[in-house]
Every structure is written in structure tokens, then in C-alpha cells.
Amino acid sequence: MNIRVLYIGEIVGRVGVFAVKKLLPALKKELVPDIVVANADGVTGGSGVGKMHAMYLRKMGIDVLCTGEGAFYKKDILDIFPTSSWLLRPLNYPSGVPGRGVKVLRIGETSVAIVAMLGQSGFSRVHLDNPFLMLDELLPRLKRDASCIIIDFHAGTTAEKNAFALHADGKVSAVIGSHVRTLTADARILPKGTAFITDAGRTGSMVSVGGLDAQTRIQEYLSGIPVWAKDAVGSPELQGIFLELRPDGSAESIKTLRLACKEAFNEGTGNSDKN
């Protein structure tokens with residue numbers, strides 16, 4: 001029996017959490033996924049994930065939360081990283097760093113490993129071990145633990161994502177690109193059987209710059225002065241992908257998802273999220 005995996009593109013801000021709250025229950029009924037995975041690297045204020053947001057998303061039915069370069073931006077997340085196996089920081093952090101980079105789930109007779117990894121290009125604050133070399137080093141252990149391996153590859157350039165996916169082709173079940181927050185149109189099965197998309201998009205406001213307030217970002221480009229942008233609120237949407245994996249670890253199919261939220265986000269009505 002194939003394994004069905006719903007992956008929710010990077011959740012950005014309170015509006016992203018709102019979109020998950022409104023859209024995930026019906027989506028789960030329609031697709032009947034065995035596993036729900038989401039990238040949570042931009043949940044809290046568009047940068048990182050706080051403890052309360054992480055726990056709230058978990059309660060809403062997300063089985064595994066992945067992070068990226070913002071894994072430790074919110075200091076209260078250190079309280080739960082060591083004890084929450086469902087919350088992943090990039091695997092290529094040095095040994096001894098709190099948390100873990102792999103979560104193995106048992107679905108019937110099949111084990112599925114969800115892996116978070118960070119690329120090396122595009123990040124000025126975080127510099128981790130080479131993900132290409134780490135994959136080769138850890139692959140035998142991962143294959144002992146699980147027949148299906150899904151990697152959330154959080155990287156800043158399309159070149160690195162595509163190079164990594166082709167390097168991993170035939171070795172893992174899927175490579176899902178994240179970080180750019182723009183749903184790409186290249187979801188496909190690679191020649192050796194690995195499902196891949198350059199970026200699984202974002203869940204949050206579509207009238208925005210990466211889920212954040214457009215006017216703030218425009219002013220930053222006009223002035224050259226860095227500004228901490230606030231969440232955008234217009235046109236909430238859930239983006240992501242739906243995977244079907246064969247028990248032998250090869251990919252059966254991959255398709256993109258875009259669901260608009262019929263209900264507008266309104267801070268004054270109390271229909272937002274846990275802060």
C-alpha cells in the first residue's frame with residue numbers, strides 16, 4: 001500500500017497559522033494522508049518559530065514540523081527542542097546542538113523518515129556542514145531505519161536545490177525544497193525515482209512579499225535601511241504538495257496544492273491564532 005504524505009509549504013506569520021486552521025481539516029478528509037508535514041521556519045513574526053506556535057500547530061494535526069536557518073531564532077523554542085521528536089532542526093547542525101534532524105514514523109508495515117537539512121548558499125547567519133557529504137555519510141543508517149526517506153531541503157538558491165535533488169535521486173524518496181516561499185511549477189519524478197520540487201511555496205498572505213507586509217519591504221528597498229516587517233494579512237492561502245510513495249521507497253506521484261481561504265483574516269474578530 002502506498003504512503004500518502006501531505007506537505008504544507010512554509011507557514012508564515014499569524015495568517016499562515018490561520019490558513020492551516022481553516023483549511024487543514026477539510027484537506028485531510030479529502031486526501032486522507034498518512035503523514036502531515038509542514039515547514040514552520042517563518043511562523044512567528046515571519047522568522048523562526050516560537051514554542052507556543054509550534055505546540056499549537058502540532059495540536060492542529062501536523063505530525064512533523066521542519067525548520068531551517070531560523071530554527072533557533074526564537075529562544076523559547078529551546079525549551080521543547082530536546083523533548084519534542086516531532087519538531088526538527090536541520091540535521092547538519094553540529095553534534096550536541098539541542099533537538100534532532102530526523103523523525104521516523106511507522107505506517108503499517110512501512111517506516112518513513114522525515115529529514116530536515118539546510119543548504120549552504122544564501123545564509124549569512126548560519127553555516128552548517130555540507131549537506132551533500134552528510135547525506136552520503138548518513139544514508140546507510142537512514143535506510144536501516146526506514147524504506148521511505150523524505151528530505152525537506154531548506155536552501156536559498158535553485159541551483160543548490162536542484163543539484164542536491166539530482167545527487168539524491170534514487171537514494172531517497174523525495175526532496176522538497178523550501179525557504180524561498182514561492183511555489184514552483186517543476187514538481188516531478190526524477191529519472192531514478194525520487195520526487196522533487198524546487199520550492200513548495202508558502203502558507204500565508206498572497207498579497208505580500210514572502211508573507212510579510214509589502215509596503216514595509218518596498219520602503220526597505222527604497223531607503224536601503226533594514227526594517228523588521230510585520231505580517232501581511234491579505235488573501236490567505238495554503239500551498240504545498242501531496243506525495244504518494246511506494247513501500248520500496250520510490251515515488252509514485254507528486255502534485256502541487258493551492259487552496260485559498262474563503263474567510264478573511266481579521267485581527268479584531270478573534271479568529272486569528274495562538275500567539
Side-chain angles (χ1 to χ4, degrees), residues 1-11 16 19-20 23-41 54 57-58 60-68 85-88 90-91 100-117 135 139 142-143 145-154 161 164-165 168-179 183-190 192-203 238-259:
M1 185 177 69
N2 285 350
I3 305 298
R4 300 159 66 88
V5 181
L6 171 61
Y7 177 96
I8 300 171
E10 185 168 341
I11 303 166
V20 172
L23 297 170
L24 182 57
L27 190 57
K28 289 177 72 172
K29 286 182 180 179
E30 176 188 349
L31 299 177
V32 195
D34 298 298
I35 302 170
V36 180
V37 182
N39 189 284
D41 206 53
L57 289 168
R58 171 71 169 166
M60 281 198 283
I62 297 174
D63 298 302
V64 182
L65 287 175
C66 298
T67 58
S85 64
W86 47 268
L87 178 65
L88 302 183
L91 182 64
R100 66 207 75 199
V102 181
K103 171 67 176 177
V104 177
L105 302 102
R106 187 77 177 175
I107 308 297
E109 297 300 314
T110 305
S111 292
V112 182
I114 311 298
V115 183
M117 296 191 82
L135 175 64
L139 198 59
L142 290 172
K143 285 188 173 293
D145 294 338
S147 56
C148 294
I149 301 169
I150 300 168
I151 299 179
D152 179 330
F153 190 58
H154 205 77
K161 290 178 183 177
F164 182 84
D169 188 19
K171 302 173 183 176
V172 304
S173 305
V175 175
I176 304 171
S178 60
H179 176 67
L183 184 63
T184 55
D186 63 344
R188 63 198 187 275
I189 307 295
L190 297 175
K192 297 178 183 178
T194 294
F196 172 60
I197 187 169
T198 300
D199 200 281
R202 72 176 177 273
T203 296
L238 183 151
Q239 297 181 350
I241 63 165
F242 185 66
L243 288 169
E244 287 200 57
L245 307 176
R246 302 184 185 98
D248 67 0
S250 62
E252 174 79 26
S253 64
I254 177 174
K255 68 175 183 179
T256 57
L257 301 171
R258 288 191 67 179
L259 289 89

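For reference, positions follow the sequence shown, starting with 1. For the numbers below, each heavy atom of this structure counts, side chains included, while hydrogens, waters and symmetry mates do not.
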Under the ring pair (Phe, Tyr, Trp, His ring centres under 6.0 Å) test, residues paired with F196 that sit two or more places apart | none
L238 versus I8: any side-chain heavy-atom pair under 4.5 Å?
-> yes
Would a distance-only check, ignoring hydrogens and angles, find a side-chain to backbone donor-acceptor pair under 3.5 Å from K161 to S178?
-> yes
Do V64 and L87 have side chains that get closer than 4.5 Å, going by heavy atoms?
-> no
Non-neighbouring partners of T198 that pass side chain to side chain donor-acceptor pair (under 3.5 Å), sequence neighbours left out = N162, D186
Applying side chain to side chain contact (heavy atoms under 4.5 Å, CB included), name anything that partners D169, two or more places apart in sequence or on another chain.
-> L190, P191, K192, T194
Could you list the residues that satisfy salt bridge (Lys or Arg N to Asp or Glu O under 4.0 Å) with D145, not counting sequence neighbours?
-> none
Residue list, side chain to side chain contact (heavy atoms under 4.5 Å, CB included) with I189, at least two apart or on another chain | A195, A251, I254
Sequence neighbours excluded, the answer for salt bridge (Lys or Arg N to Asp or Glu O under 4.0 Å) partners of K103 is none
R106 side-chain N/O to G108 backbone N/O, donor-acceptor pair under 3.5 Å | yes
Verify, without hydrogens or angle tests, whether K143 (side chain) and C148 (backbone) share a donor-acceptor contact under 3.5 angstrom.
-> no
Under 3.5 Å, is there a donor-acceptor pair between the side chain of S111 and the main chain of S147?
-> no
Can you name the residues that form a side chain to side chain contact (heavy atoms under 4.5 Å, CB included) with P247, not counting sequence neighbours?
-> N2, T110
What are the two closest non-hydrogen atoms of M117 and V115, and how far apart are they?
-> CG-CG1, 3.8 Å
Can you name the nearest heavy-atom pair linking L88 to A116, along with the distance?
-> CB-CB, 4.0 Å
Of all residues at least two apart in sequence or in a different chain, which pass the side chain to side chain donor-acceptor pair (under 3.5 Å) check with D41?
-> H154
Minimal heavy-atom distance between I11 and G16, with the atoms involved, is CG2-C, 3.5 Å
Taking side chain as C-beta onward, heavy atoms only, is L23 less than 4.5 Å from T203?
-> no
Mind checking side chain to side chain contact (heavy atoms under 4.5 Å, CB included) for A54 and listing every partner two or more places apart, or none if nothing turns up?
-> V49, L65, I77, I80, W86
Are V102 and L142 close enough that some pair of their side-chain heavy atoms sits under 4.5 Å apart?
-> yes
Enumerate the residue pairs fulfilling side-chain hydrogen bond (donor to acceptor under 3.5 Å, both in side chains) with a member in residues 238-249, sequence neighbours excluded, ordered by first and then second residue.
-> E237-Q239, R246-S250, R246-E252, D248-S250
I114 side chain near D152 side chain, heavy-atom distance below 4.5 Å | no
Taking ring pair (Phe, Tyr, Trp, His ring centres under 6.0 Å) as the test, write out the residues that go with F164, two or more places apart.
-> F132, F153
Identify all side-chain donor-acceptor contacts of residues 28-36 below 3.5 Å with residues at least two apart in sequence or on another chain.
{"residue": "K28", "atom": "NZ", "partner": "G61", "partner atom": "O", "Å": "3.4"}
{"residue": "D34", "atom": "OD2", "partner": "R4", "partner atom": "N", "Å": "2.8"}

